[in-house]
Amino acid sequence: MDYNSGYSRKMHVRCFLMVFAVIIHGVGFAQLVVDSIGSNLVSDHTGGYLGTGVSFADFNGDGIDDLSFGHHSGDLKFYIGENDGFVPIDLNLETPNAESKGLLWADIDNDGDQDLFTTFRMAPNKLWINQGDMVMVDVSATCGIAQDNRRSFGPAFGDFDRDGLLDLFVSTYGYPVDMPQGNELYRNLGDGQFEDVTEAMGMGGMNLQSFQASWIDADRDGWLDLHVVRDRLIYPNLFYHNKGLETGEATFVEEAALRGVDVAINCMSTSPHDFDRDGDLDLFVAGGLEGNELLENTGDGFYTNVTTELVAMYEVCWSGQWLDINADGWEELHVATGLADYVDYPAVLMNNPNEPDELFLNAGGNFMPPGTLFQAESTLTYATATGDYNGDGFIDFVSHKIGTSPEIRQSIPNGNNAMLILLHGTESNADAVGSKIELWAGSDYWYRETYCGEGYLAQNSRWEHFGLANHTTVDSIKVHWPQGSMETWYNVEVQATLELTEGISCAPNCLGCTYQGACNYDPDASTDDGSCDVSCLIADLVCGTGLIWNLETAQCESPCPADLTGDNQVDVADLLVMLGAFASFCP
């Protein structure tokens, strides 16, 4: 290829969606249509080389997806999701005057808010720690990440050693002629500190020419593996298999050829997803004119090439994203097409007048032209991301396309049901990255893994979107947490949003006392089971100080009737009082 050419989303925020969530499936018309709201945002993608990143994740903790855009001269753009739109916010970040690439929001210190990591091309990478209320402190120089001028591209967070802290991998596009560099793997030590373990974990090597990587559990053994894509036909992709199940600690062995993922194309990105819904992660890898490839997991972490002429495309492709536009339970595949050139805006649009993205309809695990689902428009796109900005339960889409503004598309509700699930880790990392979700409804089954960094220079919403077709009840939801525990929630009514917390396996239907004034109030209970004990309230209101209400005798009593002296203990003095009153008559 020629390269010279804070708080969680609450149900009342989206209460109107409860009506939507129980609509019976009908014959509806679904589309992913352009929303004019995008033209009101400034992304300023008018320069740079091979694109810059986008995040569609909630960074201020209000439960609503926000937008973050990279920039060719470091002027990052941030927008808070609000009132079915976006409002700009200045985070007062000092950035180098250099081209930013990937940007990821993640709670790296498990303190309940989102920190920001951003990679740069020809400048040091940056890490800001959120001190609360979006007060961002630059710790780049002291946190342990490399601070030389690098050609960094896509970052990805994942807890590869299962210690409850998010570790970091950074893809690097090094050249042997002027800047021999390798990829970077950092172990999270806690308190915002990282340790470079690239060589120790067997991921060393110079000039690997990597754009992006994904943390996935390909063989479902509970330990995250790493799939790394590489550019150029002479450089096959890499697959680092985590042998933690065998060794008891994270140990990586490169097994791309063994597992059938040593694809040698001009590879831009990898997008894992269980497209055929058989309980394992398949891989879409975007390539250039030699074609994309679709790799199907055989169930044990080994892969078979199942690419069709339709999916191959034979264009310069960058980000691949999975999204269930019509909420029928099968996720479509969106592929961004662009170019391999410097962005010279607006001349670049005139030199490439017709470059529409592609969308492939997933019809039961088979891909077809999208029909009316997607009306392609000519855009030059590198990074794309998915989320639900308007809270209607249907997945939306943002393209950080070349131009002054992004393209935002919304899925139009069609009568199908959908649900957004957000996981909270307690023993595991706070964002629950690396969790697995298994969902059963009737004879239907879905499998997901949660990521932080996916597609080309992209971050999708942390709310996992499930299109459920005509299902109004989910029989069970099973979550495999990154630390290894597993919990199951049964008979869950389909609702717009559902938050599940590690260690509270009865939610959202926890039985218990929900009255806050009761003696046995259960803060985790959502459904009252009639067990509330209000004896402590009656004692305060009826009996007065120092007495309790006896439910059996229905009267006020002293909690210690033998304490005749009132000194809160029973001793000889109480015995003398009793003996002194012995044989006397009561009035």
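Just the heavy atoms: all of them, side chains too, but no hydrogens, waters or symmetry mates, feed the values below.
- Considering Ile408, Thr384, Leu380 as possible partners of Ser399, the one that fulfils the side-chain contact (heavy atoms from CB on, under 4.5 Å) test is Thr384.
- In summary, Asp217 and Lys436 engage in a salt bridge, as defined by a charged side-chain N under 4.0 Å from a carboxylate O.
- Scanning for side-chain contact (heavy atoms from CB on, under 4.5 Å) contacts around Glu454 gives Tyr451, Asn460, with sequence neighbours left out.
- Salt-bridge check for Arg409 with Glu407: passed, with a basic side-chain N closer than 4.0 Å to an acidic carboxylate O.
- Pairing each heavy atom of Ser411 with each of Asp396, the nearest pair is N-OD1, 3.2 Å.
- Taking the six-membered ring for Trp and thresholds of 30 and 60 degrees, Phe367 and Trp322 have ring planes inclined between 30 and 60 degrees apart.
- Ring planes of Phe86 and Tyr389: tilted class, angle from 30 to 60°.
- No side-chain heavy atom of Asn429 sits under 4.5 Å from any side-chain heavy atom of Phe157.
- Tyr382 places a side-chain N or O within donor-acceptor distance of the main-chain N or O of Leu339, the cut-off being under 3.5 Å.
- Applying the ring-ring contact (aromatic ring centres under 6.0 Å, His included) criterion to Trp215, with sequence neighbours excluded, gives Phe160.
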**OP:** Go through Phe69 and His45 one step at a time and tell me if the side chain to side chain contact (heavy atoms under 4.5 Å, CB included) criterion holds.
**Re:** CA-CA 9 Å; Phe69 296 100; His45 187 180; over 6 Å; no
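- Minimum heavy-atom separation, Ser55 to Trp105: OG-CD1, 3.7 Å.
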